[in-house]
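Please read the structure below before turning to the comments.
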Amino acid sequence: MTEADAVPSFDLVLFGANGDLALRKLLPSLFALYADGRLPTSWQLIGVSRTELSDRRFLELVRQQIEGSALLAAALDDSWEGFSAHLSYLAMDATEPGDMSQFRDLLRHEQVIYYLATRADLYSLITENLYKAGLSGDSARIVLEKPVGLDLESAREITAVVSDRFPEDQVYRIDHYLGKETVQNLLVLRFSNSIFENQWNHRYIDHIQITISESAGVAGRAAFYDQVGALRDMLQNHLLQLLCMTAMEPPYRLHPDAVRDEKVKVLRSLRPMTDETIPEKVVRGQYQASETGLTSYADDLGSNGDSSTETFVALKVEIDNWRWAGVPFYLRTGKRLAERACEIAVHFKPVPHSIFTLQHRSAMANRLVFRLQPDEGIRLSLCEKQPGAGMTVKSSELSLNPESLARTRTPDAYERLLNDVIQGNQTLFVRDDELMAAWEWLDPVIQHWRRSDMRPEAYAAGTWGPSAATLLLARDGRLWDELVGISGAQGGKS
Ligand code: BG6
């Protein structure tokens, strides 16, 4: 029996099939699963959206995306014909209850997956319409993209409707950062190496920095992005999930609820943000045109250029529990920054007393860096003797760039997550209480900004964000890390 034989047959109904996410990420990932022989013999995808498109045109759009990916294009000759035979397209309005029955007759398998790659404000309506059309049975799964909601209230509304119609074990809330290879490696490294676990607390760790920086702007998605901004687009989900994976207690086993229970505990231990602390702990910025010719956010937005949406956010987060008392987590993310990179950097405390003459004791402290992109790997900085006369100490790096990663294609996060949805494994998906805990913690910031007439601080496109972000760490006597690739190279451009 092959791996694919063990995969259940399924129908995948993709709402928003004509959108950026579906075409750029989901459909190429499905193709990759197919080309790797990881889909069963019998399955189908029905792409749904309001736009009138023929099946042929839909397939052309999908193929164009795959052709644009150097890694996947090579598999087109062998796999396109077989893959495309599983795809069809249906133009319909999912917000119209009557329209839902249009695809009922097209469903062929017991297992049906509804993937909502649409705006979050349509989630409740689509869920309700699926229910009314009798399509939300026991073997149906529903997949929701982030951000689920725009604030605590809207997230509560959506969650209430979805959980009314689908039990939690049929709901898959995607955060694609959880599907990234290095995030899973973080779990393995933490929970299968006792040398790290012993050190993983306030006694040995000074602080932790988590950065997701993007060099791209918002061109092409400006209208969507302007509704959400960096806080909802990246912080409420990706950054907080990375924080949870870094800070959580060891789950008692690798089981979806055991892992998610631990993440919820972290979210509930985050020190609440208040009107008094927000101005000193949260920085927001917006990119401006650069001297090198990069456009401003306002230019990218076009006609509605005057916006106070943040394209950068940095925070100091404290976790009030036994393990992390006194260890700040600094998080930052932004568009149009100097590089595309993502790193979790664990800064250990310097030795309590050095017998060597060290010019910068804290700069010589050990640092463990998990690099998620553009290259993936892990590096640990250690002190060693500078060869030659004298006793000069220098910092060197051990790096773990698994050969398997370097040689083979690392699956896109969506590939892994789609595969998990098909197989029914919820470990890497966000549970309802986890989602709500994240919104509850963040909502005071959203409300504070709503009431404030302060605009985000300007930063030049192509730099590392506003000066207030530097100050955020400088006040604590710290600096943001320079992001360096595993092979020593600087990050990439997105
Ligand atoms: C998405 C955000 O969730 O993540 C985008 O909506 C962002 O704005 C993207 O660009 C980044 O993902 P990745 O995997 O390219 O780092």
Side-chain angles (χ1 to χ4, degrees), residues 16 19-26 28-29 32 65 68-69 71 115-121 123 143-150 172-186 210-243 245 284-287 297 300-301 307 309-313 331-344 370-376 409-418 428-430 435 438 442 461 465 483 485 491-494:
D20 176 73
L21 175 75
L23 289 174
R24 220 167 31 85
K25 291 283 187 186
L26 304 177
S29 295
Q65 288 296 324
S69 151
L71 291 171
Y115 197 124
L116 274 53
T118 64
R119 292 191 337 246
D121 58 355
Y123 289 174
V143 187
L144 305 176
E145 266 296 331
K146 44 86 7 199
V148 178
L150 286 177
Y172 291 72
R173 295 178 194 83
I174 286 228
D175 185 312
H176 77 276
Y177 267 65
L178 294 179
K180 292 191 187 254
E181 184 71 20
T182 319
V183 176
Q184 280 143 55
N185 210 352
L186 169 66
I210 308 182
T211 300
I212 306 177
S213 58
E214 296 183 89
S215 51
V218 297
R221 305 166 70 220
F224 158 78
Y225 189 87
D226 202 50
Q227 310 276 312
V228 292
L231 193 82
R232 300 175 179 97
D233 188 43
M234 302 293 284
L235 191 111
Q236 187 274 338
N237 29 75
H238 304 328
L239 273 168
L240 284 185
Q241 285 294 330
L242 296 183
L243 177 140
M245 295 298 241
R284 59 179 167 154
Q286 190 187 81
Y287 61 85
Y297 178 68
D300 291 350
L301 255 185
S307 160
T309 297
E310 77 289 353
T311 60
F312 175 97
V313 65
L331 316 184
R332 65 176 163 166
T333 184
K335 300 276 182 198
R336 273 276 184 261
L337 296 183
E339 278 167 28
R340 172 174 187 254
C342 174
E343 283 192 1
I344 302 171
F370 296 86
R371 187 163 169 100
L372 277 68
Q373 58 194 30
D375 46 343
E376 300 193 326
R409 184 181 72 83
T410 306
D412 186 89
Y414 274 102
E415 244 170 275
R416 187 186 313 268
L417 296 173
L418 270 175
L428 299 176
F429 296 83
V430 179
L435 175 79
L442 214 53
L483 306 188
K493 300 283 171 204
S494 51

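All values below come from the heavy atoms of this structure, side chains included, with hydrogens, waters and symmetry mates left out. As the structure is a prediction and not an experimental result, all values here were calculated from the model. Just follow the structure's listing: the first ligand is 1, and inside any ligand the first atom is 1.
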> Is the shortest side-chain N to carboxylate O distance from Glu181 to Arg416 below 4.0 Å?
Replying inline: yes
>> Return the closest protein heavy atom for atom 15 (O) of ligand 1 as residue, atom name and distance.
In response: Arg340 NH2, 3.4 Å
> Among protein heavy atoms, which sits nearest to atom 6 (O) of ligand 1, and what does the distance come to when rounded to 0.1 Å?
Replying inline: Asp233 OD1, 2.6 Å
> Between Tyr115 and Leu418, is any pair of side-chain heavy atoms under 4.5 Å apart?
Replying inline: yes
>> Exactly one of His238, Lys146, Gln236 should register a side chain to side chain donor-acceptor pair (under 3.5 Å) with Asp175. Which one does?
In response: His238
>> Polar contacts were defined as any N/O atom of the residue lying under 3.5 Å from an N/O atom of the ligand; does this apply to His238 and ligand 1?
In response: yes
>> Which of the numbered atoms in ligand 1 are under 4.0 angstrom from any heavy atom belonging to Lys146?
In response: 1 (C), 2 (C), 3 (O), 6 (O)
> Polar-atom distance check: Gln373 versus ligand 1, any N or O pair below 3.5 Å?
Replying inline: yes
> Which pair of non-hydrogen atoms, one from Gly465 and one from Leu337, has the smallest distance, and what is that distance?
Replying inline: N-CD2, 3.8 Å
>> Under 4.0 Å, heavy-atom basis, I'd like to know which part of Arg232 is in contact with ligand 1: side chain, backbone, both or neither.
In response: neither
> Should the ring pair Tyr297 and Tyr287 be called parallel, tilted or perpendicular, given that the plane angle runs from 0 to 90° and is split at 30 and 60?
Replying inline: perpendicular
> Side chains of His176 and Asp412: closer than 4.5 Å at any heavy-atom pair?
Replying inline: no
> Nearest protein heavy atom to atom 12 (O) of ligand 1, by residue and atom, and its distance?
Replying inline: His176 NE2, 3.1 Å
> Is there a heavy atom in Tyr177 that sits closer than 4.0 Å to ligand 1?
Replying inline: yes
> Are Arg173 and Leu435 side-chain neighbours, meaning at least one heavy-atom pair lies under 4.5 Å?
Replying inline: yes
> Short list, please: which atoms of ligand 1 are under 4.0 Å from a heavy atom of Lys335?
Replying inline: 5 (C), 7 (C), 8 (O), 10 (O)
> Tell me: protein heavy atom nearest atom 14 (O) of ligand 1, and distance?
Replying inline: Lys180 NZ, 2.6 Å
> Do the side chain of Asp233 and the main chain of Pro147 share a donor and acceptor less than 3.5 angstrom apart?
Replying inline: no
> Which residue owns the protein heavy atom closest to atom 10 (O) of ligand 1, what's the atom, and how far is it?
Replying inline: Glu214 OE1, 2.5 Å
